[in-house]
There are 2 protein chains.
Amino acid sequence: MADAARPARLENGRRDLTNIAIDCFARYGYKATSIARIAEAAGLTKGAIYYHFRDKEELLFAAVSDRLTQFERSVTAQILPPADAGRALREIARVCLDHATKSNHRRFIVTLMVEAIDTNARLAEQFRAMMHRFRGFLREIIELGQREGSFRGDVSASVAADVYAGAVMGAEIQYYQDPESFDLEGTVNTFLDQYVGWLQRDHPQRAERR
Amino acid sequence: MADAARPARLENGRRDLTNIAIDCFARYGYKATSIARIAEAAGLTKGAIYYHFRDKEELLFAAVSDRLTQFERSVTAQILPPADAGRALREIARVCLDHATKSNHRRFIVTLMVEAIDTNARLAEQFRAMMHRFRGFLREIIELGQREGSFRGDVSASVAADVYAGAVMGAEIQYYQDPESFDLEGTVNTFLDQYVGWLQRDHPQRAERR
DNA sequence: TCAGCCATACTGAACGTTCGGTATGTAATT
DNA sequence: AATTACATACCGAACGTTCAGTATGGCTGA
């Protein structure tokens with residue numbers, strides 16, 4: 001006899017509310033997302049939120065932990081078979097694209113990361129550590145490529161990792177700002193062609209560079 | 001007999017307050033910046049703000065207009081002598097770096113841009129238009145390089161512009177998040193070497209690319 | 001030169017609203 | 001009967017905003 005218009009209880013309150021909160025935080029950020037808005041999005045009232053979470057910050061940190069671990073897991077999981085470094089870099093970008101377009105995981109991370117920098121020291125530290133791990137992961141892949149000989153050895157792997165992380169994130173933001181007309185996949189693919197090609201070419205020592 | 005402890009009036013209220021507001025907005029974003037905080041930073045009271053501005057939004061838009069026009073002016077001004085396209089791209093990055101490190105102009109733009117996407121339609125539209133103009137400007141430079149023959153013609157100038165805009169912005173964000181340890185200049189310079197080199201090489205038709 | 005006048009640039013208190021958070025009631029499940 | 005999973009009603013603080021009042025400086029006419 002189906003559900004009809006039942007009070008619409010949640011099956012797994014904490015988990016469901018976390019997901020709903022993530023949607024709101026990803027769009028409006030932390031400060032501009034009220035508890036009432038999250039409750040309304042869940043079809044509940046504020047009291048229900050405070051039944052599952054001590055306060056707004058606990059909900060925030062639950063959401064952040066959830067998305068951070070889930071994103072990092074899907075990045076590292078996709079790479080476990082240590083394929084060649086070039087393919088690995090392409091795979092990672094693919095995961096980022098998925099998390100940016102098929103869900104709002106990456107927008108949540110980017111939005112909260114920017115907002116937290118000077119408004120929430122604890123959160124900012126978590127995002128800093130996360131970016132540090134991400135860049136470290138990329139650096140290791142690049143160093144692997146350099147040891148294998150498929151990547152040129154005359155560039156700093158860590159700076160190259162920074163370039164990669166920035167290019168992907170910057171493309172994402174342009175997409176969030178204008179999802180209708182910004183070609184995220186094309187932009188990231190073009191960057192990858194250029195970037196991986198650059199890493200694979202050995203010591204080009206380009207003619208003139210004043 | 002000097003000033004002593006005068007009530008500290010502003011010489012140019014609107015302008016000074018706009019600059020102070022920009023500092024706050026750049027750090028904390030719009031929502032998390034209270035009128036009281038801006039007033040305190042200016043050494044005034046809340047009422048003084050409302051003498052110069054109708055409401056918080058007018059102050060915000062004044063700040064945005066100020067920084068957007070100023071940034072766009074310094075980008076276009078630096079390029080007026082139509083030097084070769086490669087140098088122009090490097091010059092533009094230089095201007096972005098200056099505005100990111102020597103002032104908070106770019107952080108203001110990036111922070112507010114991310115925050116506005118789904119919280120302030122009018123503001124979001126302004127930032128969308130600004131990014132559109134910026135990418136269009138880059139595209140024209142790249143097309144110039146292509147017509148000149150110094151840039152390869154087998155890539156989309158508009159997608160290449162998107163890559164550039166994203167890479168610079170993504171690097172900036174990593175810097176804002178961790179200004180102590182993130183090497184913004186090195187990252188952007190490395191990107192430029194790779195990017196301009198990529199544009200300058202003609203039809204490499206890289207061997208294998210599955 | 002100086003009183004009178006007015007515009008400028010504020011202060012400080014108050015108001016209405018919003019928001020995070022709490023206390024308590026209640027229907028359904030076990 | 002007790003626990004779970006909420007709803008309802010409310011509190012206090014913070015916030016944006018308003019407004020009456022005031023100190024200051026420049027201008028003007030005598």
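No hydrogens, no waters, no symmetry mates; every other heavy atom, side chains included, goes into these values. Since the model is a prediction, treat every value here as computed from it, not as a measurement.
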Q) How is S34(A) classified with respect to the nucleic acid when contacts are heavy atoms under 4.0 Å: base, sugar-phosphate, or nothing? A) sugar-phosphate
Between [X] ([atom1]) and [N] ([atom2]), how many Å, whole number?
{"X": "L60(B)", "N": "dG16(D)", "atom1": "CG", "atom2": "C1'", "answer": "14 Å"}
{"X": "I49(A)", "N": "dT22(C)", "atom1": "CD1", "atom2": "P", "answer": "14 Å"}
{"X": "L59(B)", "N": "dT17(D)", "atom1": "CG", "atom2": "P", "answer": "10 Å"}
{"X": "D55(A)", "N": "dA23(C)", "atom1": "CG", "atom2": "P", "answer": "14 Å"}
{"X": "L44(B)", "N": "dT17(D)", "atom1": "CG", "atom2": "P", "answer": "17 Å"}
{"X": "R15(B)", "N": "dT8(C)", "atom1": "CZ", "atom2": "P", "answer": "20 Å"}
{"X": "E40(B)", "N": "dC15(D)", "atom1": "CD", "atom2": "C1'", "answer": "15 Å"}
{"X": "L17(A)", "N": "dC6(D)", "atom1": "CG", "atom2": "C1'", "answer": "11 Å"}

Report the nucleotide, chosen from [options], that has the shortest atom-to-atom distance to any side-chain atom of [X].
{"X": "A48(B)", "options": "dC10(C), dG20(C), dC6(D)", "answer": "dC10(C)"}
{"X": "Y50(A)", "options": "dC6(D), dG21(C), dT17(D)", "answer": "dG21(C)"}
{"X": "K46(B)", "options": "dG20(C), dA14(C), dC10(C)", "answer": "dA14(C)"}

Q: Would you kindly compare K31(A) and Y51(A) by the position of their nearest DNA chain D nucleotide and give the one closer to the 5′ end?
A: Y51(A)
Q: Could you check if a side-chain atom of L144(A) sits within less than 4.5 angstrom of a side-chain atom of F151(A), using non-hydrogen atoms only?
A: no
Q) Salt bridge between D23(B) and R37(B), side-chain N to carboxylate O under 4.0 Å? A) no
Q: Might you work through the ring pair (Phe, Tyr, Trp, His ring centres under 6.0 Å) test for F71(A) and H99(A), ending with a clear yes or no?
A: CA-CA 8 Å; F71(A) 171 69; H99(A) 283 252; 5.5 Å; yes
Q. Would the Y30(A) and F25(A) ring centres measure less than 6.0 Å apart?
A. yes
Q. Is the distance from OP1 or OP2 of dC6(D) to the nearest side-chain N or O of H52(A) less than 4.0 Å?
A. yes
Q. Does R14(A) make a cation-pi contact with Y51(A), if we ask for NZ or CZ under 6.0 Å from the ring centre and within 45° of the axis?
A. no
